[in-house]
Amino acid sequence: MNSRILAAQSALSSEATTGVFIPSPRVIEELSGGRPGPARRTKRIEDHGLIGNLRTAALVDRRGSVDWMCVPRFDSPAVFADLLGSEEHGMWVFGPVGLGGATPEVNRQRYLDRTLVVESTWLNPAGTVQILDFMPIGDEPAQLVRIARGISGCVPMRSLLRARPGYGRTVPQVAAEGGRARVDLGDGRLWLDAPVPVRGEDGDLAAEFILSEGETVAFTLSWQPGTDAPPVPDASRLLGSTQDFWREWISRSTYVGPDREAVERSLMTLKALQYEPSGAFVAAPTTSLPEEIGGVRNWDYRYAWLRDSALTVGALLDFGYVEEARRLVKWLTKVIGGRPESLQIMYGVGGERELTEMELDWLPGFAESSPVRIGNGAAGQLQIDVYGEVVDMLHKAQLHDPGLAPAVTTLVTGLVTRLEALYEQPDMGIWEIRGPRRHFVHSKIMAWVAFDRAIKLTEAGHGDGPIERWRRIRDELHQEVCERGYDPARNTFTQSYGSTELDAALLHIVTSGFLPPSDPWIIGTVEAIQRELSTQGGFLLRYPTEGADHGVDGLPGDEGAFLICMGWLILALTAIDRHEEAEIFKDQLLQICNHLGLLAEEWDAEAGRQLGNFPQAFSHITVLLAALTTTSTPLTRQNEVIPS
């Protein structure tokens with residue numbers, strides 16, 4: 001055994017009494033070969049695990065550092081923002097002190113079976129330790145629990161909690177007395193409870209201890225409004241209830257096919273993006289993770305897009321989750337409030353309308369990718385496709401739960417009535433361009449979907465909408481798209497009227513019922529998109545970008561392959577009876593999941609790394625679409641098909 005470790009263990013035996021050993025600086029130095037140093041920043045987006053409590057979420061990296069957390073909601077200001085800057089912008093390092101004083105990378109990191117509890121394991125000369133990280137599900141606004149377990153040996157451990165309110169801008173006041181400490185945030189406090197002494201240092205809370213074989217040490221961080229102290233948490237009880245929640249929830253899944261572990265991880269990830277008090281879903285729990293390293297395509301995704309929420313619930317319905325649909329219908333009823341003319345394409349998770357976009361110039365951004373943005377200016381855009389995605393989900397929801405029909409019918413009637421005044425206009429499209437409006441073909445197809453599903457609801461006896469007028473509009477839209485959105489020379493639909501560019505969102509046309517999958521125009525569109533938008537490995541770009549120039553989206557630079565487009569491609573290939581190819585692409589998709597089964601928004605095929613906000617609902621919908629589609633018989637359609 002290393003002579004330094006033997007000497008330190010001798011010192012430990014002579015200094016320790018009972019309970020957790022609190023080391024002197026000499027013991028830490030002997031065991032680690034140096035004083036504790038700062039944790040190195042994670043350099044890859046995918047080097048993270050997600051934990052959450054259905055109100056907010058945190059990211060834990062491969063060195064045991066929580067480097068992103070907002071409290072008490074997904075869209076609240078971050079108290080740990082190392083993800084978008086440095087350790088000076090807030091983080092919580094908790095783990096063994098390695099040789100030289102640095103926190104080493106974990107040797108293994110995984111989720112406990114069928115839970116959202118991250119287990120990190122370190123193997124080092126002094127011994128083996130594990131840490132369990134999770135956020136309890138319950139009435140508390142926000143808690144983060146970190147439980148260290150000694151597996152073997154005597155390992156020096158440290159906790160360094162550096163809360164920096166306001167996205168890393170403020171050094172707060174801290175106070176510590178024994179094992180309880182607090183951080184003043186202005187609009188509340190963070191309370192740290194530990195079984196070892198915690199000390200305050202320049203706005204940080206620090207502790208060191210020795211973890212021996214068989215010992216368990218729990219640190220709990222709680223957010224509390226006001227100044228009153230919360231009760232001391234029972235970490236063991238919270239771990240049990242958190243595991244029980246996730247295992248009970250995932251047990252409701254009706255999926256019985258292959259790739260079950262990937263499917264269940266994606267289902268739990270989508271559930272973790274739900275804001276339980278309202279039932280809405282955020283697109284991702286992060287802001288400004290770049291779509292191009294060093295680029296400006298950095299956006300805040302911590303809001304409830306109607307499109308994203310609708311597609312999320314549509315996917316969950318396929319796996320037996322009806323309650324999430326009921327909750328979303330209730331939330332939509334609240335935010336639309338009988339006023340579809342004031343519809344926004346996204347809201348705060350509580351239904352807030354004001355999402356002013358601004359830049360945080362004190363944060364350098366992930367991998368120097370700036371600007372860092374909060375808020376989202378796209379909230380005020382006209383995106384006609386949203387009506388189609390929402391109405392399609394509502395139609396699907398009442399098929400799964402007929403009791404939803406009255407609420408669904410009211411919503412659909414209002415939305416389609418509003419769409420009558422909008423569908424002929426150019427818009428910003430599904431990708432929220434920042435350039436001039438266009439007549440996007442995908443938007444027109446989704447408008448067609450909205451009228452089509454509204455007609456079906458009325459024909460089924462739900463409501464008494466103007467069905468003849470809706471049929472006329474639907475048929476006129478179909479004819480217009482076929483005349484103005486199709487390029488006969490290349491046998492493909494195009495991104496917008498009069499354009500020659502392609503758009504992967506056009507793959508929606510295959511499964512919408514707009515044309516039968518066997519139609520030559522459908523097959524030609526699928527083949528053209530594969531030919532012109534594919535990257536290495538078969539992943540698809542959303543549309544061509546223009547590099548340094550401002551392209552169709554009004555932005556400079558490029559981006560990675562957008563992962564939900566792979567899901568749409570798998571659906572399309574299955575629909576046109578190319579099942580083997582669809583299976584190959586599904587395998588490609590699963591291979592790029594990170595070590596915990598998580599996916600960001602995009603994939604950089606050349607660099608072999610994930611890009612964009614993380615984890616992304618769209619990408620995990622893709623996993624579900626791929627698994628369900630490639631294990632099923634060819635797609636059957638309940639939708640009316642209008643021949644070309």
Side-chain angles (χ1 to χ4, degrees), residues 114 246 248-274 279-281 283 305-329 331-332 388-405 408 446 449 452-453 456-457 507-508 510-513 517 563-575 579 582-583 585-586 589-590 593 597 599 615-639:
R114 309 185 92 193
W246 287 108
E248 190 281 328
W249 186 85
I250 199 61
S251 70
R252 302 181 209 167
S253 169
T254 56
Y255 185 72
V256 293
D259 305 308
R260 181 174 174 179
E261 185 175 348
V263 166
E264 291 188 345
R265 181 54 49 203
S266 289
L267 287 169
M268 286 187 283
T269 302
L270 292 181
K271 179 64 175 177
L273 300 182
Q274 184 181 37
F281 290 82
W305 272 257
L306 298 190
R307 175 194 303 109
D308 298 54
S309 292
L311 293 177
T312 297
V313 164
L316 290 174
L317 281 168
D318 288 331
F319 291 82
Y321 292 97
V322 178
E323 181 57 31
E324 283 68 21
R326 296 184 184 121
R327 297 292 310 282
L328 187 63
V329 169
W331 182 75
L332 287 171
E389 281 118 1
V390 172
V391 171
D392 191 41
M393 180 277 295
L394 291 170
H395 178 256
K396 183 176 184 177
Q398 60 85 31
L399 292 176
H400 284 263
D401 180 5
L404 287 172
V408 162
M446 296 312 295
V449 167
D452 180 73
R453 306 312 187 257
K456 285 178 168 53
L457 275 171
L507 293 168
H508 266 143
V510 185
T511 55
S512 66
L563 291 179
I564 198 170
C565 300
M566 176 69 93
W568 297 337
L569 177 60
I570 292 169
L571 279 174
L573 290 171
T574 304
H579 302 283
E583 183 77 31
F585 284 127
K586 181 198 72 173
L589 175 69
L590 296 182
C593 293
L599 287 167
Q616 169 79 349
F618 268 5
S619 298
H620 286 279
I621 292 169
T622 300
V623 173
L624 300 180
L625 290 175
L628 199 64
T629 302
T630 57
T631 57
S632 304
T633 55
L635 293 178
T636 56
R637 303 180 193 290
Q638 299 173 343
N639 306 327

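The structure displayed is predicted, hence computed values, not measured ones.
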message: Can you tell me how far apart CG (L625) and CD1 (I564) are? Round to the nearest 0.5 Å.
response: 6.5 Å
- request: Report yes if some heavy atom in the side chain of F281 is under 4.5 Å from a heavy atom in the side chain of D308; otherwise report no.
  value: no
message: Please evaluate residues M393 and L332 with respect to the criterion side chain to side chain contact (heavy atoms under 4.5 Å, CB included), reporting the C-alpha separation (whole Å), side-chain torsions for both, the decisive distance (0.1 Å), and the verdict.
response: CA-CA 12 Å; M393 180 277 295; L332 287 171; 3.9 Å; yes
message: Could you tell me if the side chain of V391 sits less than 4.5 Å from the side chain of V449, heavy atoms only?
response: no
- request: Could you tell me the separation between the CG atom of L507 and the CH2 atom of W568, rounded to the nearest 0.5 Å?
  value: 8.0 Å
Atom pair CD (E264) and CG (L267), whose distance is rounded to the nearest 0.5 Å: 7.0 Å
- line: Sorted by chain and number, sequence neighbours left out, side-chain hydrogen bond (donor to acceptor under 3.5 Å, both in side chains) with W305 holds for E432
- prompt: If you take all heavy atoms of A262 and V623, which pair is closest and at what distance?
  reply: O-CG1, 3.9 Å
field: Contact summary for W246 and M268, nearest pair of heavy atoms
entry: CZ3-O, 3.8 Å
message: Strictly by side-chain hydrogen bond (donor to acceptor under 3.5 Å, both in side chains), give each pair with a member in residues 311-324 just once, sequence neighbours left out.
response: W249-E324, K271-E324, D318-K396, E323-R326
Where R453 and D392 come nearest, the two heavy atoms and their spacing: NE-OD1, 2.8 Å
Closest approach of P615 to L273 (non-hydrogen atoms, all atoms of both residues): O-CD1, 4.2 Å
message: Can a donor-acceptor pair be found, under 3.5 Å and without considering hydrogens, that links the side chain of T630 to the backbone of E583?
response: no
statement: The side chain to side chain contact (heavy atoms under 4.5 Å, CB included) partners of S619 (sequence neighbours excluded) come to L563, L599, Q616
field: Non-hydrogen side-chain atoms of K456 and L399 separated by less than 4.5 Å
entry: no
- prompt: What distance do L316 atom CG and R252 atom CZ have between them, rounded to the nearest 0.5 Å?
  reply: 11.5 Å
Interatomic spacing from CD1 in I250 to CZ in R265 - rounded to 0.5 Å: 8.0 Å
Straight-line distance of K586 NZ to T574 OG1, nearest 0.5 Å: 10.0 Å
field: All side chain to side chain contact (heavy atoms under 4.5 Å, CB included) counterparts of A405, not counting sequence neighbours
entry: Q398, H462
message: Using the side chain to side chain contact (heavy atoms under 4.5 Å, CB included) criterion, which residues pair with A315? Sequence neighbours excluded.
response: I621, L624
- prompt: What are the two closest heavy atoms between G279 and Q274, and how far apart are they?
  reply: O-NE2, 3.5 Å
- request: Give the minimum heavy-atom separation between A575 and P517, together with the two atoms involved.
  value: O-CB, 3.4 Å
- prompt: Who pairs with T622 by side-chain hydrogen bond (donor to acceptor under 3.5 Å, both in side chains), at least two apart in sequence or on another chain?
  reply: none
field: With Y255 via ring-ring contact (aromatic ring centres under 6.0 Å, His included) - residues at least two apart
entry: F319
task: List for me each residue that meets side chain to side chain contact (heavy atoms under 4.5 Å, CB included) alongside P402, sequence neighbours excluded, and say none if there are none.
output: none
